[in-house]
Number of protein chains: 2
Amino acid sequence: MATLRVPQVVPSPVEDTQQLRKAFVGLGTNEKTIISILAHRNALQRHRIRETYHETYGEDLLVSLKKEISGDFERAVMLWTLDQAERDAVLANEAVQKWHPGNLVLVEIACARSAAELFATRKAYQARYKRSLEEDVAAHTKGDFRKLLVPLVSSYRYDGPEVNTKLAKLEAKMLHKAIAEKSYSHEEIIRILGTRSKAQLIATFNHYNDEFGNPINKDLKHEAKDEFLSSLRAVIRCLVCPQRYFEKVLRSAIEGLGTDESVLSRVITTRAEADLQEIKEAYAKRNSKALDAAIAKDTSGDYEAFLLELIGHNEN
Amino acid sequence: MATLRVPQVVPSPVEDTQQLRKAFVGLGTNEKTIISILAHRNALQRHRIRETYHETYGEDLLVSLKKEISGDFERAVMLWTLDQAERDAVLANEAVQKWHPGNLVLVEIACARSAAELFATRKAYQARYKRSLEEDVAAHTKGDFRKLLVPLVSSYRYDGPEVNTKLAKLEAKMLHKAIAEKSYSHEEIIRILGTRSKAQLIATFNHYNDEFGNPINKDLKHEAKDEFLSSLRAVIRCLVCPQRYFEKVLRSAIEGLGTDESVLSRVITTRAEADLQEIKEAYAKRNSKALDAAIAKDTSGDYEAFLLELIGHNEN
């Protein structure tokens, strides 16, 4: 469930646009207006505001915003204002440009979205960067990570509920054999994780657990830090239980020495209109404190205010 | 250019449907009516006929056709009557089910179509088979062929005209190095062929030729028959010059001991509404005889009549 709250009576795009413009002009910027409008409009409404703004003032709303605000607040507002596919394309491109083995953004975009959403992102990526997502991923990664990531971002998984039980048992065995041999980048692991439907994979992982006594992700844990294994576990969690995956990502971002604002902004802007409610509930359960309280403690100013509006702070 | 000829005044789908039904009922079938209608309607018109037929008679037109006609004629009419994406999905599924290293149908569908056409086929494949195309390809192929085919059928290439010349030179070198080392399934070969745009690849192959003195496909030839090398050459020809590729496929189908009707039907039904005119011209030039004369010589009956109508026999 989304945490985004849209007022019962929404001003027209023309009214919203005029209010935003008023917030920009003159000395200083009225950040409160920016927050009160943009943090309470859904994707379609934001899209119309951006169109209307462009038609009226001859400038992209994002360009105007960039001139007025800065830092973490700017980045969060920019990400949020984009369409979902465009936002994921921007995040994927950033991940590609500065790719390192610990970066899980490509895994998230490939596995924690629906097949149709991932395909929309591939289209948006081409429109924006004049290259395909998969060619950039292939060119900027190497070795086992490339073997894993290229099929993931190229996937268009079947999303029906049908499950082939015989196949699930067979592939659970194949996964177990490869993992037991510590052959973690085995082509059968890549093939199964990269092509099977989510329903089929859930059945396969259930058989794995029943047959071999451990959840697959436990067998993919190693005492030593291994970033390829971390990626495999992230793939599985994003495919099977994205809300718990995102809960953990938020927890790490908040818990660490200093808060990781780029992670906070990414998770909140990408999930506020999807399943942030479930992520909040998982967070409260796991950490015995509310996500909004934790964020309020670690952030400040307009950035704090914006994130709290997106996670539905005042509604609970 | 298409060879399909549609009459200037096209009967309504209701009229066409009634005529087809009349051709089916009673003793015997009027094959001439089937040919005169279906071989002269474009994809949208055939789609409407199929819809109207289903609404009127409660049966899929393809099912009715199957009861009335048989053999090569049946198969050609069935393939032709399907939408392009559905037809490619059926051909891809057949190729997957009876896959062997010499089968180039998956290469054709992945490389001789536009990115949007291939994606439409992936959607149609899921709707029809309740699995993704790439999971079936991955599950039914192995070794180097799997390494090559899975990324090809999963690709959604950028189709703009932009070319990065520096990159083309760099990747021509990478291709040459791998080929010189006879490392034909090298991951850089797979990556470049599997992800780059057609415009970029054409530039890369031109640099290859300029820099190393041979067209890349010449360097991919071997005295001994090697089906993986044949596949690589087919990938390159389908990406760069599909018409000359299809000319050769038709030539082999006609020249061999006995005609390969399944190849004839596939190439003619998939290209008649696309570029069969150019393929015909390439065939005439290369073989010093007209494609329709060659087909008329090697086929007979309703099958011959249907193919000749599709290739625009009476119009030249």
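So you know, we letter chains A, B, ... as the sequences are listed, proteins then strands, and number each from 1.
- Considering A/Tyr125, A/Phe119, A/Tyr156 as possible partners of B/Tyr156, the one that fulfils the ring-ring contact (aromatic ring centres under 6.0 Å, His included) test is A/Phe119.
- A distance of 7.5 Å separates CZ in A/Arg122 from OG in B/Ser155, rounded to the nearest 0.5 Å.
- When the heavy atoms of residues 129-147 of chain A are compared with those of chain B, the residues falling under 4.5 Å are A/Lys130, A/Arg131, A/Ser132, A/Glu134, A/Glu135, A/Ala138, A/Ala139, A/Arg146, listed by number.
- Separation of atoms OH (A/Tyr158) and NZ (B/Lys123) is listed at 14.0 Å; rounding is to 0.5 Å.
- Contacts of A/Arg157 with chain B are made by backbone atoms alone, with heavy-atom separations under 4.5 Å and no side-chain atom involved.
- Environment of CZ in A/Arg50: crowded, with over 12 heavy atoms of neighbouring residues, nucleotides or ligands closer than 6.0 Å.
- Contact residues of residues 162-188 of chain B toward chain A are B/Glu162, B/Glu187, B/Glu188 (heavy-atom distance under 4.5 Å).
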